[in-house]
Structure formats: structure tokens, C-alpha cells
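Naming: A, B, ... by sequence-line order, numbering from 1 per chain.
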2 protein chains.
Amino acid sequence: MPQSPASPSLKTLAAALGVSVATVSRVLSGQAERYRISVATRNRVLEAASASGIVVDQLARSLRLRRTLSIGLVIPDISNPFFAQLARQIERHARRHGYSVLIADSEEDAEVEAQAIRLMLSRRVDGLILAPVGTPATSAPLRSLGARPCVLVDRLLDDPPLPAVTSDHRRGAEIATLHLIERGHRRIACVQGSPGTFANDERIAGWRTAMAASGLPCGPERVAGTGYSIDAALAAAHALLMRGERPTGILALGNVLALGVLQAARDARISIPDDLSLVAFDDQLWAAVTSPPLTIIEQPIEALGREVLELLLARIASPTGGPPTRNILPVRLIERGSVRDLRPKIPALVPISHRAADPSDNATRRVAAP
Amino acid sequence: MPQSPASPSLKTLAAALGVSVATVSRVLSGQAERYRISVATRNRVLEAASASGIVVDQLARSLRLRRTLSIGLVIPDISNPFFAQLARQIERHARRHGYSVLIADSEEDAEVEAQAIRLMLSRRVDGLILAPVGTPATSAPLRSLGARPCVLVDRLLDDPPLPAVTSDHRRGAEIATLHLIERGHRRIACVQGSPGTFANDERIAGWRTAMAASGLPCGPERVAGTGYSIDAALAAAHALLMRGERPTGILALGNVLALGVLQAARDARISIPDDLSLVAFDDQLWAAVTSPPLTIIEQPIEALGREVLELLLARIASPTGGPPTRNILPVRLIERGSVRDLRPKIPALVPISHRAADPSDNATRRVAAP
DNA sequence: TTGTAAGCGTTATCAT
DNA sequence: ATGATAACGCTTACAA
């Protein structure tokens with residue numbers, strides 16, 4: 001902010017007090033002790049400082065100190081609740097450690113991401129937290145991160161072997177799929193987000209593992225979806241539901257995607273969970289009040305944020321700190337009401353196809369506080 | 001990032017090329033023309049620059065230029081979907097104008113907010129966008145903003161008379177209340193967010209206006225709630241629903257609050273919209289798939305983001321640009337299924353108290369695409 | 001057409 | 001216990 005009452009600098013203060021800028025600097029940066037500044041001058045400086053409302057210029061300070069006490073955060077979509085919550089945690093922890101956060105939205109676009117990284121580096125952030133788009137060949141700015149303090153979150157990247165913190169996407173999908181299989185489902189499909197993206201592909205892999213282990217079909221025709229938007233999910237769900245043998249269970253590999261599936265089922269007058277069961281990823285406040293409440297795989301967002309920041313601070317402190325850690329956090333399934341148990345209660349007495357919705361299904365079960 | 005292959009600077013490049021830093025600077029900042037640099041050297045510099053992957057140090061540049069091409073964004077809760085979406089719009093527009101965004105979460109706490117502002121100023125952001133907590137006496141850093149490029153968003157502040165962009169909270173609440181009154185509701189209560197906060201108090205005022213105009217009771221006992229959390233909303237809704245004369249309609253003054261009301265009604269086995277009607281604020285993707293789909297007041301988030309950024313850029317360009325503008329954007333009501341029409345269809349033939357839920361109610365009406 | 005040098009606001013080294 | 005001063009990496013008069 002160039003203009004206005006010309007924000008006072010150390011020089012101004014020094015002049016006013018008849019001391020040198022060095023002295024003012026030493027006091028204001030808490031080095032009074034170390035430099036044995038007399039208590040008298042120290043107080044004079046402190047007083048004048050607070051009186052004049054001086055703020056030491058971090059730009060100049062950073063230039064001189066060669067560190068900015070700031071980190072960069074590049075995520076694909078700030079408005080996606082998962083990333084919004086993650087960003088909040090990261091900012092919160094960063095702040096507590098004295099760091100500021102420069103944020104950028106890569107819009108799930110590799111080029112935008114590359115620009116964002118370049119910009120953050122040019123601003124000399126001390127470190128970078130990145131949820132990489134990661135679908136095509138990794139960009140030049142991205143490769144350059146190998147040598148710097150940078151931690152990935154939510155998504156991995158093979159090429160620059162960077163440390164990362166993610167939740168156990170694969171196991172999550174496996175758990176979700178098993179949950180359905182155990183309840184008698186055999187035709188289980190996936191509504192995916194951005195294919196090629198780590199979290200997405202891992203989840204697909206988990207689903208496939210569980211399906212294959214039970215000898216169930218898990219070909220690519222059972223996976224639909226082109227991105228993490230509600231429209232993409234709507235289209236994907238429609239496609240899956242229009243097939244000849246309609247799936248009895250769907251995995252929605254992201255919270256926004258679940259909304260699309262819900263909407264598509266409603267449009268097609270397909271009742272969840274009566275006609276179709278659904279397990280979604282990422283718990284959200286609203287997941288407990290949809291109709292029906294959603295059975296979901298919950299990611300430990302607070303832990304993700306905390307750990308990624310701690311890892312980054314560690315890398316900043318010692319950039320040569322061993323091989324890239326990969327921290328994989330466990331997820332858990334929260335059972336609510338979107339999965340129907342297809343197993344007959346009294347086997348063979350009631351033909352499945354004629355059975356009415358079982359009122360003991362957990363469709364309206366009270367949910368645990370989020 | 002201090003260490004690593006010592007990011008090359010202009011000096012390095014200049015030395016390698018046998019030209020002066022000045023020349024490199026002039027070329028790299030696109031001033032080749034103005035300084036009549038020969039095409040030959042210009043190309044040599046450009047080539048060497050892209051080859052070495054140089055990034056000009058914005059810190060030093062900003063120090064010299066006395067502007068950072070960065071803005072600060074301080075909001076009460078990044079993870080609140082409304083603010084997350086707003087942040088996304090602001091970042092997007094800022095990026096397009098060449099600005100970076102420094103973000104901070106004030107946690108709805110005046111002290112944290114004050115610190116965040118101080119920090120951003122010390123980092124010399126060119127301008128500040130702020131959704132002020134604004135409940136208690138305004139802090140010193142906040143007051144100091146009067147003289148700088150700063151625009152408020154979503155919430156107003158009287159004291160430093162700053163330009164602001166908000167949606168028409170008051171009118172929104174009025175519309176919502178009238179919507180209920182027109183459908184025969186007479187006991188209408190509010191579940192509020194943080195009292196003392198501009199948006200909240202304006203909404204209360206709008207409700208009160210509409211109620212008073214119809215001669216309906218609108219005392220403080222009909223307003224409950226202590227903050228924008230789901231737990232607060234849960235408690236508030238419970239309190240309202242336990243009263244002797246239970247309201248037939250509730251206004252939830254925020255999207256998270258609506259979730260609390262929904263949950264509370266479910267807990268108390270009160271059916272929405274049969275036994276209780278609900279109008280909420282802030283449209284969200286999930287609002288169309290709750291049970292029932294929510295009738296809501298939608299805020300023009302994209303426009304809010306765009307306009308606040310444009311206003312800020314204008315203030316940065318000419319800080320003395322006239323009196324503080326107050327831009328109030330219109331909201332609109334989206335009718336879905338959470339409001340019941342209490343007017344008898346054939347007056348006096350069917351006693352209201354015995355009337356079954358009217359199947360023509362819009363409880364399951366298809367919603368417009370969000 | 002290009003180089004020299006001052007200066008942006010700090011901090012750290014070396015004196016005193 | 002404190003002051004001068006160089007340096008951080010860049011931009012821009014002013015010189016040449």
C-alpha cells in the first residue's frame with residue numbers, strides 16, 4: 001500500500017528517537033537481549049513503536065533473511081467442501097506456526113497449476129503444499145519441486161518423488177465395496193471423479209480388488225464419470241442406471257458425485273436404498289440429512305491437514321531430511337441409511353424380487369454426531 | 001526456499017551473458033522496447049532465461065516497486081461453503097488480474113482477525129478484502145484500514161466507512177418471511193447465526209419488518225441461536241420447537257444452520273414440511289437433495305466475488321476514489337419443498353387440523369439445476 | 001544501445 | 001551498549 005500516512009519504517013522511528021535503525025531493528029525483532037540493548041532504550045523503542053503503530057516490512061525482512069515465513073497451497077477447487085475443510089486446517093496450523101498461506105486454485109487444470117507453482121516460487125514461499133492435478137505429463141515447474149520443501153496432499157505423484165500425506169483411498173473403496181457385497185450386492189458400479197487423478201484411480205483399484213476377490217465383474221463398463229462436478233456425476237449415474245442389468249449398488253467416489261447420483265436416482269424414480277444402494281466418499285454435514293442419510297467413507301481431514309503441515313515444516317527445517325515419506329491415513333465407514341441389505345431374512349421363504357422394503361433397514365437410523 | 005541449486009538471479013544471468021543486470025531486468029520485465037534493447041541481446045537474454053528456468057524474485061521486485069501484486073482475504077470460516085465459494089471466485093478473478101491471494105481464517109474471532117490484518121499489512125498487500133467479524137468494538141488494525149484500499153464483503157461495518165459489497169440480506173429475509181406468511185403461517189421463528197454480525201442482524205431485521213407489517217409477533221423470544229455452527233443451530237431449533245406454541249415456520253439464517261434445523265426436526269420426529277416449514281439462506285448443491293429439498297434464499301456468490309474484486313482494484317488504482325460505495329446485490333427465493341401451504345384448498349370444508357398432507361404440495365418438486 | 005549506481009526496508013557483521 | 005555499513009535482488013534515473 002504505497003500511499004497514505006506513509007507507513008513508518010524503522011528509519012522513521014530511529015530518527016525520531018535519535019538511535020540507529022540497527023538498534024530499532026534489534027529491539028523490534030526481539031533480539032534486545034542478545035545484543036545487550038539497555039533496558040532504557042529498549043523500552044523507549046518499544047513504546048514509540050506501539051505508539052506509531054509501526055509494522056515492520058516483511059518484504060524487506062524476507063529479502064534479507066532469505067525466508068518469507070509463508071507457504072503456498074495449490075488445490076484443484078477451493079469450493080469443494082473437502083478441499084475447503086482441508087485448506088482451513090492447513091491455514092490454521094500454519095498460522096499457529098507463524099506462517100502465512102498463499103492460496104491458489106488450479107481448477108483441475110495442469111497449466112493453471114504450473115502457473116500457480118511458478119508464481120509461488122517467485123514469491124519465495126518457504127514451502128509448498130500441493131494437491132496435484134497430475135493427470136497428464138507433469139509440467140516443468142512441477143518437476144522443479146523435487147529439490148524444494150514441498151509436500152503433496154490427497155493425491156500422490158510418481159515422478160518427482162515428493163513426500164505426501166493422503167488418506168487410504170484404496171482401502172476405503174475396498175471397505176465400501178465389501179460393505180455392499182456382504183449385504184448381498186453383486187452388481188456394483190462406480191461413479192468416478194477425474195480419471196487419471198491419484199485419489200480417483202486408487203479408489204477404482206480398491207473397488208476392483210474387492211470385486212475381483214469375490215469373483216464379481218469389475219470391467220471398465222461399470223465405471224462412469226469424467227470429473228468432480230455434479231453434472232458429470234449426473235450424466236454418469238444416468239448412464240449406469242440405463243444399462244440393461246442395472247447395478248444394485250453404486251460407489252460415488254467423492255461427496256459432490258454423491259449428490260449427482262442422488263439427483264439422477266430421483267430423476268429416474270429409482271428409490272435409494274430400496275432400488276439402489278449408495279456408498280459415498282468424504283463425510284459432510286449434509287450427508288446426514290439427505291434422503292436417505294448417506295452411508296459414507298470418512299476421511300480424517302483434520303489429521304490430513306495437521307500432518308501435511310508438520311511434514312512440510314520438517315522439510316523446511318531440514319530439506320535433506322531423508323527419503324520422501326508417504327503418510328497414509330486410515331479411513332472409516334460410517335453406516336447410515338443408503339445401503340439396503342439384500343439378504344433375505346428368512347432364506348427362500350420370501351422371493352427376493354417380491355420382497356417389500358424391509359422396515360428394519362437402517363434407512364432412518366440416527367447418525368453419530370459428525 | 002534458501003537452499004537447492006541456488007535459484008538463479010538476474011545477476012547470475014547477466015554474468016553468464018556478459019551483460020548488465022539492468023539489461024536483463026529490462027528485457028525480463030518486458031521493457032525491451034522502451035529502453036531500445038537490441039533485438040539480438042533481447043533474444044539472447046530471453047533464451048538464457050527460459051533455459052535456466054529463472055524466476056524473478058517478486059520479493060525484491062515488490063520492495064523496489066512498492067507494490068506486491070497481492071491482496072489479502074480475511075474471512076471468518078474458509079470451510080463454510082458460502083465463504084469457500086466466495087473465496088474461489090475472488091481468487092479466480094484476482095488471478096486473472098495478475099494478483100495473488102493471501103488468505104486467512106479469522107475463526108469468527110475479533111482478535112484473530114486483528115492479527116490477520118496486521119500480518120497482511122506487514123506483508124504489504126496492495127489491498128484487502130474482509131468479511132469482518134464485527135461484533136465487538138472494532139480493533140485498532142481494523143480502524144487503520146480506513147486509509148487503505150480495502151473492501152468489505154458480505155458484512156458491513158459502520159465505523160471505518162469502507163466500501164462494501166453484500167447481498168441484500170434484509171430483503172432476503174423479508175422475502176422468505178412473506179413467502180411463509182402468504183402461505184398461511186403466523187408463528188414464524190428464526191434460527192440465527194452469530195448475533196451482532198451484520199448479515200445476521202440484517203436478516204433478523206428483514207424478518208421483523210415482514211412480521212410487523214402483518215401484525216405478527218416478532219419478539220426476541222422467537223429468535224434463537226448463538227453462532228454459525230450446526231451444534232448451535234441444533235440447540236436453537238430444539239429450544240424453539242419445545243415452546244408451548246410451536247412455530248409452524250422457521251427461517252434458518254445460513255446454510256449450515258438449516259442442517260441443524262433439519263436434524264433437530266428429525267430428532268423430535270417433527271416432519272418437514274408437514275409439521276414445520278423451513279426457509280434457509282445460501283443455496284448449496286445439497287439443498288436440492290435433502291429431505292425435503294429446501295426452499296432457500298440464494299445469494300449471487302459469483303457476482304459478489306467479481307464485484308468485490310473489481311471495487312478493490314479500483315481503490316488500488318485510485319485510493320482517493322470518492323466516497324465508500326455500498327453495493328447491494330439482489331437475492332432470490334428458490335422454491336423447493338420445505339414450505340407447506342397452510343391455506344385450506346376448499347375453505348371451511350376440511351378442518352385444517354384434520355387435513356392430511358396435500359399431495360399437491362411441492363414437497364418433491366423437481367428443482368432447477370443449481 | 002547499454003552500463004552505473006542509488007535505493008526499496010530490513011538484518012548481520014564489524015567496529016567502537 | 002550501540003552505530004555504520006554491506007547486502008538481500010530488483011528497477012530506474014542518469015550517464016555514456
Side-chain angles (χ1 to χ4, degrees), chain A residues 1-3 6-46 48-49 52 54-70 121-126, chain B residues 1-3 6-46 48-49 52 54-70 121-126:
Chain A
M1 301 190 171
Q3 44 290 110
S7 8
S9 60
L10 296 209
K11 186 148 61 165
T12 335
L13 245 195
L17 288 172
V19 298
S20 72
V21 277
T23 302
V24 178
S25 168
R26 299 198 253 245
V27 171
L28 257 36
S29 58
Q31 314 242 64
E33 308 272 277
R34 201 150 85 65
Y35 284 99
R36 325 174 61 104
I37 304 291
S38 76
V39 186
T41 41
R42 190 176 62 118
N43 288 341
R44 280 207 314 143
V45 171
L46 250 23
S52 69
I54 201 186
V55 274
V56 304
D57 189 322
Q58 295 299 329
L59 236 47
R61 187 159 209 267
S62 299
L63 183 62
R64 176 64 232 236
L65 257 28
R66 308 186 60 72
R67 74 187 171 134
T68 55
L69 283 181
S70 72
L121 294 183
S122 78
R123 290 192 183 281
R124 300 195 92 107
V125 293
D126 291 340
Chain B
M1 302 192 171
Q3 43 292 106
S7 5
S9 61
L10 296 210
K11 185 150 60 164
T12 336
L13 244 195
L17 288 172
V19 299
S20 73
V21 279
T23 302
V24 179
S25 167
R26 299 199 252 244
V27 171
L28 259 34
S29 59
Q31 312 243 63
E33 309 272 276
R34 200 151 86 65
Y35 284 100
R36 324 171 62 100
I37 303 291
S38 77
V39 186
T41 39
R42 190 178 60 118
N43 287 341
R44 282 205 317 141
V45 170
L46 250 24
S52 69
I54 201 185
V55 275
V56 305
D57 189 321
Q58 296 298 330
L59 237 45
R61 188 160 208 267
S62 300
L63 184 60
R64 177 62 229 242
L65 257 29
R66 308 186 62 71
R67 77 191 166 132
T68 54
L69 283 179
S70 70
L121 293 183
S122 78
R123 290 191 182 281
R124 298 195 93 106
V125 293
D126 292 340

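S9(B) has no side-chain polar atom (N or O) that falls below the 4.0 Å cut-off from OP1 or OP2 of dC8(D). At least one side-chain nitrogen or oxygen of S25(A) sits closer than 4.0 Å to the OP1 or OP2 atom of dT11(C). Phosphate contact (OP1/OP2 of dA1(D), side-chain N/O of T41(A), threshold under 4.0 Å): absent.
Nearest approach of T68(B) to V125(B), heavy atoms of both residues: OG1-CA, 3.7 Å.
Contact annotation: the side chain of S122(A) never approaches that of R61(B) to less than 4.5 Å [non-hydrogen atoms, C-beta and beyond]. You'll find the side chain of R123(A) reaches within 4.5 Å of the side chain of S70(B), heavy atoms only. The closest side-chain heavy-atom distance from T23(A) to R44(A) is not below 4.5 Å. You'll find the side chain of L28(A) reaches within 4.5 Å of the side chain of L46(A), heavy atoms only.
Protein atom CG of L69(B) is 14 Å distant from nucleotide atom C1' of dC10(D), rounded to whole Å. Atom CG in N43(B) sits roughly 11 Å away from atom P in dT2(C) (whole-Å rounding). Atom OH of Y35(A) is separated from atom P of dT16(C) by 18 Å (rounded to the nearest Å). Distance, L59(A) CG to dC10(D) C1': 11 Å, rounded to whole Å. Put simply, CG on L28(B) is 13 Å from C1' on dG9(D), counting in whole angstrom units. Straight-line distance from the CZ atom of R34(B) to the C1' atom of dC14(D): 14 Å, rounded to whole Å. Rounding to whole angstrom units, CG of residue L65(A) and C1' of dG9(C) are separated by 12 Å. Nucleotide dA1(D) holds its P atom 11 Å from the CD atom of E33(A), rounded to whole Å.
Residue-level contact check: S62(A) touches neither bases nor backbone, having no heavy atom under 4.0 Å from any strand. Counting any heavy atom pair closer than 4.0 Å across all strands shown, T23(A) reaches sugar-phosphate atoms only and no base atom.
When distances run from any side-chain atom of R66(A) to the nucleotides dG3(C), dG9(D), dT2(C), the shortest one goes to dG9(D). Set against dT2(D), dT11(D), dT11(C), the side chain of L10(A) has dT11(C) as its closest nucleotide. Relative to the side chain of R61(A), the nucleotides dC8(C), dT12(D), dT10(C) differ in distance, and dT10(C) lies closest.
Taking for each of Q31(B) and L63(B) the nucleotide of DNA chain D with the nearest heavy atom, the 5'-most of the two is the partner of L63(B). Summary of the strand contacts: A60(B) and V39(B) both lie near DNA chain C, and taking for each the nucleotide with the nearest heavy atom, the more 5' one is attributed to V39(B). With the nearest nucleotide of DNA chain D identified for both A22(A) and R26(B), A22(A) has the one nearer the 5' end.
With hydrogens and angles left out, the side chain of R64(A) and the base of dG9(D) share no donor-acceptor pair within 3.5 Å.
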